[in-house]
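Just the heavy atoms: all of them, side chains too, but no hydrogens, waters or symmetry mates, feed the values below.
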Amino acid sequence: MPGAPSIAARAENVVSTDRCTMLGVGEATVQTVEHVMAALRAMEIDNCIVDCDGPEAPLADGSALPFAEAIRQAGISTLEAPREVRKLSAPVAVEDENSLLVALPADTLTISCIFVNDWAHPALSDQFGQWEITPDTFLTEIAAARTIAFLHEVEALRRRGLALGGSMDAAIVFGENEIVTPPRFADEPVRHKVLDLVGDLALVGHLRAHVVAIRPSHRMNNQLARALAAVFNEI
């Protein structure tokens with residue numbers, strides 16, 4: 001864009017949470033930032049500039065694994081300045097009629113997540129997962145997880161400018177009664193929800209907390225991120 005505008009990766013700069021997280025300042029926007037942000041946070045990168053030559057982060061294989069592996073292969077530089085860690089002294093919670101997200105004081109970043117099969121799809125199940133987010137755990141347990149999609153939604157999403165450039169393998173695609181694309185994990189949906197949480201909450205900074213999430217979404221993740229940022233006096 002003219003002038004190469006920059007957008008700070010902060011919770012208050014989220015301008016849309018419609019199926020992905022979009023950052024924007026003025027007319028400059030970039031969407032689907034959550035996978036990049038998740039890889040940066042999980043690989044413990046807290047000082048980074050991401051250059052984009054288009055309006056969306058690359059979809060790659062639909063997960064954060066390509067970004068995390070690229071960071072690992074490139075290597076990490078340790079700076080002289082101390083890391084600005086975000087830690088809580090009291091719980092912070094957000095909720096609506098369906099979802100509840102709570103961040104509890106903790107010395108590490110741990111995510112406990114419940115995925116609910118609200119579609120009553122016969123090939124889906126309710127799922128629970130809990131992981132402490134470390135570089136090794138993220139690379140082996142979380143980063144490769146993809147989001148779910150339904151066959152009838154794919155063309156509708158593309159008409160709205162979402163999921164462009166993606167293939168059927170870039171998501172766990174469900175038909176009317178079956179799984180169309182093979183899952184990478186038996187509980188891949190809840191793992192991807194954890195991935196999204198790590199990325200969306202990275203907009204607060206280097207958070208250390210135990211986050212308990214029931215039916216998380218990008219919208220609710222951003223609400224929690226904004227509530228946390230307010231606690232840290234950033235909004």
Side-chain angles (χ1 to χ4, degrees), residues 9-12 14 16-22 32-42 62-64 68 85-121 124-134 137-138 140-149 171-172 183-232 235:
R10 294 167 61 92
E12 67 266 31
V14 172
S16 175
T17 53
D18 184 11
R19 299 298 297 254
C20 68
T21 296
M22 176 188 290
T32 322
V33 301
E34 58 270 15
H35 299 172
V36 178
M37 294 303 303
L40 290 170
R41 171 59 185 88
S63 78
V85 175
R86 302 286 189 255
K87 294 183 68 174
L88 294 168
S89 58
V92 176
V94 296
E95 64 179 316
D96 64 10
E97 64 274 12
N98 294 314
S99 303
L100 172 65
L101 278 67
V102 182
L104 303 168
D107 292 325
T108 61
L109 178 60
T110 298
I111 309 287
S112 302
C113 183
I114 296 175
F115 170 88
V116 181
N117 179 18
D118 288 314
W119 307 269
H121 194 283
L124 261 174
S125 63
D126 297 342
Q127 299 173 7
F128 171 79
Q130 177 174 299
W131 292 271
E132 180 181 338
I133 305 303
T134 67
T137 299
F138 188 77
T140 58
E141 303 290 335
I142 303 298
R146 301 157 300 168
T147 191
I148 67 169
I172 321 163
R184 295 176 176 176
F185 305 95
D187 56 352
E188 192 168 354
V190 73
R191 292 175 190 249
H192 189 81
K193 287 292 186 181
V194 170
L195 189 162
D196 282 344
L197 270 163
V198 174
D200 288 337
L201 295 181
L203 300 177
V204 178
H206 193 86
L207 177 68
R208 292 181 183 173
H210 185 169
V211 178
V212 181
I214 303 171
R215 287 191 176 96
S217 63
H218 290 300
R219 180 180 64 85
M220 292 302 295
N221 296 352
N222 184 244
Q223 287 192 20
L224 180 59
R226 287 173 181 260
L228 290 167
V231 169
F232 301 132
I235 294 181

Sub-4.5 Å side-chain heavy-atom contact between Arg208 and Pro105
no
Asp196 side, atom CG; Thr147 side, atom OG1 - distance, nearest 0.5 Å:
6.5 Å
Heavy atoms, side chains only, cut-off 4.5 Å: are Leu101 and Leu197 in contact?
yes
Using modelled atom types only, decide if a donor and an acceptor are shared between the side chain of Glu188 and the backbone of Ile172 within a distance under 3.5 Å.
no
To the nearest 0.5 angstrom, please state how far the NE2 atom of His35 sits from the CG atom of Leu195.
5.5 Å
Hey, does the side chain of Lys193 reach the backbone of Cys113 with a donor-acceptor pair shorter than 3.5 angstrom?
no
Using a 3.5 Å distance criterion without hydrogens, assess whether the side chain of Asn117 forms a donor-acceptor pair with backbone atoms of Ala120.
yes
Between atom CD1 of Ile142 and atom CZ of Phe185, what is the distance when rounded to the nearest 0.5 Å?
7.5 Å
Is there a donor-acceptor pair under 3.5 Å between the side chain of Arg10 and the backbone N or O of Val204?
no
So Ile111 and Trp131, do their side chains get closer than 4.5 Å, heavy atoms only?
no
Is Glu34 reaching over with its side chain to a backbone N or O of Thr21, donor-acceptor style, under 3.5 angstrom?
yes
Could you check if a side-chain atom of Gln130 sits within less than 4.5 angstrom of a side-chain atom of His210, using non-hydrogen atoms only?
yes
Less than 4.5 Å apart, any side-chain heavy atom of Gln223 and any of His218?
no
Are side-chain N/O atoms of Thr17 and Asn222 paired as donor and acceptor at under 3.5 Å?
no
Sub-4.5 Å side-chain heavy-atom contact between Ile114 and Arg215
no
Tell me, do Val33 and Met22 make a side-chain contact under 4.5 Å, heavy atoms counted?
no
Supply the atom-to-atom distance Met220 CE to Ile214 CD1, rounded to the nearest 0.5 angstrom.
10.5 Å
Sidechain N-carboxylate O distance under 4.0 Å for Glu141, Arg191
yes
Would you mind checking if Asp96 and Arg219 are paired as a salt bridge, meaning a charged N to carboxylate O distance below 4.0 Å?
yes
Do Phe115 and Asp187 pass the side-chain contact (heavy atoms from CB on, under 4.5 Å) test, and can you show the C-alpha distance, the side-chain angles, and the key distance before you say yes or no?
CA-CA 9 Å; Phe115 170 88; Asp187 56 352; over 6 Å; no
In the structure I gave you, are the side-chain heavy atoms of Val102 and Val92 within less than 4.5 Å of one another anywhere?
no
